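Basis for what follows: all heavy atoms, side chains included, without hydrogens, waters or symmetry-related copies. Just so it is clear, the structure is predicted and the values come from calculations on it, not from any experiment.
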Number of protein chains: 2
Amino acid sequence: MQDHSSPADAEIALPRLLGALSDPTRLGIVRVLADGAERGWGQLRAPVAKSTLSHHLKTLREAGVTRTRQEGTRCYVSLRREALDARFPGLLAALLAAAVADNVGEHVGEDPPAL
Amino acid sequence: MQDHSSPADAEIALPRLLGALSDPTRLGIVRVLADGAERGWGQLRAPVAKSTLSHHLKTLREAGVTRTRQEGTRCYVSLRREALDARFPGLLAALLAAAVADNVGEHVGEDPPAL
DNA sequence: TTTCATGTACGACGAACATCGAACACTGCT
DNA sequence: AGCAGTGTTCGATGTTCGTCGTACATGAAA
């Protein structure tokens, strides 16, 4: 459970970012994270196997879309909104609005925060 | 040389659009078309084989990014800016700005318009 | 230390993709 | 009719992707 590295702010590449966001499940994850709050990812609910979710999270992280923090045995994920906004102004907002308009990623939800 | 159909305005799907734009060559084509003017595609210069360019243009068209018009033996391509802006406000502009900022698609150029 | 929970790595599979060259089809000109 | 220009389609090939199940590693709790 290591190597939770993300690209440096300046190294987020556009094609990779768009590729990461071209999957409905990943777009759904981003929508859940859109409010800026961090989520533990047992909290994320998507209709895919655990290993598949792990893969999606890794893809998002490596594309620079999210950041992952480890605490004990669990991991928390959040959007890298500042970095994204700094590098590609307005893009994230437009993307999120588009996802909502297009109803993409509706199948991804979240459980209530851990008690 | 037929079947130059594009999806209806309302049917442009976000994941597909992003997938189409996750390739540097296609992003480069979009950058060339960004001024809204139509281009004959003998005019487009990309370091790929003719059939590959045809494939990319088809991908863009089927994702709803561009429109293709045939006139005699040649085809002309242009951005569907209105439809895109209507469906996903601000997205295209942010994407184009991002592509410029990230210097993506610089390898795609154009010849001067036919005399 | 044993056990449980959580996430990762690995191997596999089919599907989709980028790319090429070659063959085909259509249009227009001679 | 024949030819040249232009774009599409067709394999072929190698890569990447989404998905799964299983096995492994790590940290916490009993």
Side-chain angles (χ1 to χ4, degrees), chain A residues 1-6 13 15-29 38-63 65-78 104-105 107-108 110-111 113-115, chain B residues 1-6 13 15-29 38-63 65-78 104-105 107-108 111 114-115:
Chain A
M1 230 188 293
Q2 67 281 50
D3 195 23
H4 279 172
S5 57
S6 312
R16 187 160 204 180
L17 195 166
L18 297 179
L21 262 19
S22 68
D23 180 276
T25 297
R26 289 194 291 257
L27 225 22
I29 294 172
E38 191 178 59
R39 305 289 197 292
W41 71 61
Q43 206 176 141
L44 259 18
R45 301 242 291 158
V48 295
K50 196 172 44 157
S51 57
T52 302
L53 183 61
S54 184
H55 163 70
H56 283 316
L57 260 345
K58 180 179 176 186
T59 300
L60 286 171
R61 186 193 340 127
E62 291 184 339
V65 180
T66 61
R67 170 194 317 120
T68 288
R69 180 174 69 84
Q70 189 172 352
E71 185 184 303
T73 83
R74 23 197 120 151
C75 294
Y76 295 89
V77 66
S78 56
V104 177
H107 53 94
V108 179
E110 59 175 323
D111 284 336
L115 320 186
Chain B
M1 229 187 293
Q2 68 280 46
D3 196 21
H4 279 171
S5 56
S6 312
R16 187 161 204 180
L17 196 167
L18 297 179
L21 262 19
S22 69
D23 181 277
T25 297
R26 288 194 292 256
L27 225 22
I29 294 172
E38 192 178 57
R39 304 290 196 292
W41 69 60
Q43 205 176 143
L44 259 18
R45 301 242 290 159
V48 296
K50 195 173 46 158
S51 55
T52 303
L53 183 61
S54 183
H55 163 69
H56 283 316
L57 261 345
K58 180 180 177 185
T59 301
L60 286 172
R61 187 194 335 130
E62 291 184 338
V65 181
T66 61
R67 170 194 316 121
T68 289
R69 180 174 68 85
Q70 189 172 352
E71 185 183 303
T73 81
R74 22 197 121 154
C75 293
Y76 294 89
V77 66
S78 55
V104 176
H107 54 93
V108 179
D111 284 337
L115 320 186

Could you state the [atom1]-[atom2] distance from [X] to [N], rounded to the nearest angstrom?
{"X": "B/Tyr76", "N": "D/dT6", "atom1": "OH", "atom2": "P", "value": "10 Å"}
{"X": "B/Lys58", "N": "C/dA16", "atom1": "NZ", "atom2": "P", "value": "13 Å"}
{"X": "A/Arg61", "N": "C/dA9", "atom1": "CZ", "atom2": "P", "value": "8 Å"}
{"X": "A/Asp111", "N": "C/dT6", "atom1": "CG", "atom2": "C1'", "value": "15 Å"}
{"X": "A/Ile29", "N": "C/dG7", "atom1": "CD1", "atom2": "P", "value": "13 Å"}
{"X": "A/Lys50", "N": "D/dA23", "atom1": "NZ", "atom2": "P", "value": "13 Å"}
{"X": "B/Leu57", "N": "D/dT8", "atom1": "CG", "atom2": "C1'", "value": "12 Å"}
{"X": "A/Gln70", "N": "C/dA5", "atom1": "CD", "atom2": "P", "value": "18 Å"}

Output the single nucleotide from [options] whose closest atom is nearest the side chain of [X].
{"X": "A/Val48", "options": "D/dT19, C/dG7, D/dT8", "value": "D/dT19"}
{"X": "B/Thr73", "options": "C/dG21, C/dT6, D/dT6", "value": "D/dT6"}
{"X": "A/Thr52", "options": "D/dT8, C/dA9, D/dT19", "value": "D/dT19"}
{"X": "B/Ala49", "options": "C/dG21, D/dT6, D/dG21", "value": "C/dG21"}
{"X": "A/Cys75", "options": "D/dC20, C/dA18, C/dG7", "value": "C/dG7"}
{"X": "A/Asp23", "options": "D/dG7, D/dT19, C/dA9", "value": "D/dT19"}

Please check the phosphate of [N] (OP1 and OP2 only) for any side-chain N or O of [X] closer than 4.0 Å.
{"X": "A/Arg26", "N": "D/dG18", "value": "yes"}
{"X": "B/Ser54", "N": "D/dG7", "value": "no"}
{"X": "A/His56", "N": "D/dT19", "value": "yes"}

Donor-acceptor contact present, side-chain A/Arg26 to main-chain A/Leu21, <3.5 Å: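 Answer holds: no.
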Heavy-atom donor-acceptor pair, A/Thr59 side chain to A/His55 backbone, under 3.5 Å: yes
From CG (B/Leu27) to CG (B/Asp23), nearest 0.5 Å: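 It comes to 8.0 Å.
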Closest-nucleotide ordering on DNA chain D, the 5'-leading residue of A/Leu53 and B/Trp41: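 Here B/Trp41 is the residue nearer the 5' end.
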Under-3.5 Å donor-acceptor pair between B/Ser51 side chain and C/dG21 base: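 Check passes, donor-acceptor contact within cut-off.
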Derivation of the side chain to side chain donor-acceptor pair (under 3.5 Å) call for B/Arg61 and B/Ser6: CA-CA 6 Å; B/Arg61 187 194 335 130; B/Ser6 312; 5.4 Å; no
Note, A/Arg45 side chain near A/Glu110 side chain (heavy atom, < 4.5 Å):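 With C-beta onward as the side chain, the pair stays apart.
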